[in-house]
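These notes concern the structure reproduced below.
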Amino acid sequence: MTTAQRADQTTISARFSAILLLVFACIAPTVAASDTVYRVVGPDGEVSYTDTPPETGKVEAVELKAINTQPALEVDHKRNQDTTPEAAIYERIEIVAPENDSTIPPGQLNVIVQLELEPQLHTGHLVQFLLDGAPQATPAATTAITLGDLHRGSRVIKAEIIDAQTGNAVATSTPVTIHVKRHSVKHNSLAPKPKAP
């Protein structure tokens, strides 16, 4: 064997030794603390590692450094879900005023809409009231709104709970229908009054 070949073999052996040492370092946690790893150099210069030292060859005990470990943290998934706005569940979302199928008389110009929630409105949630499907005002952290200038006929009111971050509806109330009555243009209260003489 030439000197160059021996040098190449020594380089390969050194690299192989480094790889083996890395492997043993990785599996060290599975080996009992009292176990010892030995570096063995054979008669031909080949390096190997073992936990049982052979009778022949150059044997050297290898001290493996302790590996820094950290126990896994336990995650309470239920608590995280409960504090996430999207996961909040409303047991009750109901428009309690005005009552469904109620009539709004001609002289009543405004209607107060009252929403009840169980549990209360969660942080990060807003209420969007809708009249005939059209949003009324901007979503807000309130459970009441005043609707004015209602035209005659049957009108549908409902409320949606909106996630403020995503803008998505996370809950919707059952619609409430009201019947708005208004005077005819022929009603004497709307007729032009005669001018005083």
Side-chain angles (χ1 to χ4, degrees), residues 22-23 25-30 65-196:
L22 180 61
V23 170
C26 292
I27 64 172
T30 62
K65 295 182 179 180
I67 298 201
N68 187 13
T69 60
Q70 177 68 31
L73 298 176
E74 293 185 6
V75 179
D76 188 347
H77 295 287
K78 183 178 180 182
R79 186 190 64 177
N80 288 347
Q81 291 175 358
D82 290 343
T83 56
T84 303
E86 292 77 5
I89 297 175
Y90 291 93
E91 297 177 5
R92 179 169 173 258
I93 170 171
E94 180 182 359
I95 294 177
V96 294
E99 293 183 359
N100 187 45
D101 205 30
S102 60
T103 298
I104 309 302
Q108 182 179 341
L109 301 179
N110 298 325
V111 173
I112 297 176
V113 181
Q114 182 66 48
L115 179 71
E116 286 190 1
L117 298 172
E118 290 181 9
Q120 294 181 349
L121 191 67
H122 290 268
T123 302
H125 284 181
L126 303 172
V127 177
Q128 175 68 75
F129 289 96
L130 298 103
L131 177 64
D132 296 333
Q136 303 299 300
T138 56
T142 181
T143 56
I145 190 173
T146 300
L147 301 179
D149 195 23
L150 297 174
H151 301 295
R152 66 185 302 170
S154 296
R155 316 300 299 274
V156 178
I157 303 170
K158 72 175 182 178
E160 291 181 341
I161 306 302
I162 305 295
D163 182 340
Q165 291 185 345
T166 64
N168 297 329
V170 297
T172 305
S173 73
T174 301
V176 167
T177 301
I178 60 173
H179 308 285
V180 181
K181 301 294 184 181
R182 290 292 179 257
H183 290 299
S184 167
V185 292
K186 296 180 180 181
H187 192 274
N188 58 9
S189 65
L190 298 179
K193 295 181 180 180
K195 295 182 180 179

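Everything numeric here is computed off the predicted structure, so don't read it as measured data.
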- Item | Pairwise distance CG(Leu115) to CD1(Ile145) - rounded to 0.5 angstrom | 11.0 Å
- Spacing of Glu160 atom CD and Asn168 atom CG [to the nearest 0.5 Å]: 10.5 Å
- Message: For the backbone of Pro105 and the side chain of Arg182, can you confirm whether one donor and one acceptor N or O come within less than 3.5 Å of each other?
- Response: yes
- Query: Taking Asn100 for the side chain and Val176 for the main chain, is one N or O donor matched with an acceptor at less than 3.5 Å?
  - Reply: no
- Value rounded to 0.5 Å, distance of CD in Glu94 from CD in Glu118: 9.0 Å
- Rounded to the nearest 0.5 angstrom, the OG1-CG distance for Thr177 and Asp132 is 9.0 Å
- Item | Atom pair CG/OG1 of Asn110 and Thr146 - distance to nearest 0.5 Å | 6.5 Å
- Task: Give a yes or no on whether Gln114 atom CD has more than 12 heavy-atom contacts from other residues, nucleotides or ligands under 6.0 Å away.
- Result: yes
- Note on the structure: Between Ile157 and Pro98 the two heavy atoms that sit nearest each other are CD1-CG, 4.3 Å
- Task: Could you tell me how the ring of Tyr90 sits relative to the ring of His122: parallel (under 30°), tilted (30 to 60°) or perpendicular (over 60°)?
- Result: perpendicular
- Item | Any side-chain heavy-atom pair of Leu121 and Ile161 under 4.5 Å | yes
- Dump the intermediate steps for side-chain contact (heavy atoms from CB on, under 4.5 Å) on Thr143 and Glu116, then the final yes or no. CA-CA 7 Å; Thr143 56; Glu116 286 190 1; over 6 Å; no
- So, Gln128 side chain and Leu126 main chain: donor-acceptor pair closer than 3.5 Å or not? no
- Message: Counting C-beta onward and ignoring hydrogens, is there a side-chain heavy-atom pair between Ile178 and Ser154 closer than 4.5 Å?
- Response: no
- Supply the atom-to-atom distance Arg155 CZ to Ile104 CD1, rounded to the nearest 0.5 angstrom. 11.0 Å
- Message: Does any part of the side chain of Leu150, heavy atoms only, come nearer than 4.5 Å to the side chain of Leu131, both counted from C-beta?
- Response: yes
- Nearest heavy-atom neighbours spanning Phe129 and Thr142: CE1-O, 4.2 Å
- Hey, is the main chain of Ile95 close enough, under 3.5 Å, to the side chain of Ser173 for a donor-acceptor pair? no
